[in-house]
Amino acid sequence: MRLDGTSFQKLVWSELLSIPIGEVRTYKQIAEAIGRPRSYRAVANACGANPYAPEIPCHRAIRSDGRIGGYSAKGGLSRKLELLERESMQSNQK
DNA sequence: CACATGACCTAAC
DNA sequence: TGTTAGGCCATGT
């Protein structure tokens with residue numbers, strides 16, 4: 001797939017794609033995974049800047065306190081919740 | 001180059 | 001448990 005964005009965004013999106021179905025990662029964890037433990041803020045930005053949602057699982061990015069956080073893509077937070085719940089069921093073979 | 005923005009994080013009250 | 005304040009980073013204007 002073609003990823004159009006800055007090198008940093010590509011890193012973030014690649015990491016998002018590596019997240020297994022039904023799993024979620026905090027923005028901080030993602031930042032650490034790409035080698036920039038203090039760029040969690042920018043990571044969130046990259047997610048919001050992601051024009052390939054939901055092809056890019058940006059909805060698997062949540063806050064460190066376990067809360068969903070936000071979602072700028074079409075459909076809003078409810079869309080994010082649906083995707084997460086659906087993937088969760090899929091991973092549980094429900 | 002300087003300033004403002006945001007799907008954040010942590011500590012402190 | 002809810003709010004405030006400070007710090008941090010890539011991006012866009």
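Letters go in sequence order (proteins before strands), and every chain restarts at 1. Keep in mind that this is a model prediction, so the values were computed, not measured.
One interatomic measurement links the two molecules: CG of A:L16 to C1' of B:dA7, which rounds to 11 Å at whole-angstrom precision. When rounded to the nearest whole Å, the span between OH of A:Y27 and P of B:dC9 equals 8 Å. Counting to the nearest Å, the P atom of B:dC8 and the CD1 atom of A:I34 are 16 Å from each other.
Hydrophobic clustering places A:Y27 together with A:F8 (ILVMFWY residues linked when any side-chain heavy atoms are closer than 4.5 Å, directly or through intermediates). Under a hydrophobic-cluster definition in which Ile, Leu, Val, Met, Phe, Trp and Tyr are linked whenever side-chain heavy atoms come within less than 4.5 Å, directly or via other members, A:L3 and A:L11 are assigned to the same cluster. Residues A:V43 and A:Y71 fall into different hydrophobic clusters, defined by Ile, Leu, Val, Met, Phe, Trp and Tyr side chains chained together at heavy-atom separations under 4.5 Å.
No hydrogens or angles were tested; on distance alone, nothing pairs the side chain of A:R38 with the base of C:dG7 as donor and acceptor under 3.5 Å.
Heavy-atom nearest nucleotides on DNA chain B were determined for A:S64 and for A:N45, and the one closer to the 5' end corresponds to A:N45.
Residue contacts shown for A:Y40 include a base, since a base heavy atom lies under 4.0 Å away.
Nearest nucleotide to the A:R41 side chain, out of C:dC9, B:dC9, B:dA7: C:dC9. Closest to the side chain of A:R63, from the set C:dC9, B:dA7, B:dC8, is B:dC8.
Electrostatic pairing of A:R63 and A:D65 counts as a salt bridge here, judged by a charged N lying under 4.0 Å from a carboxylate O.
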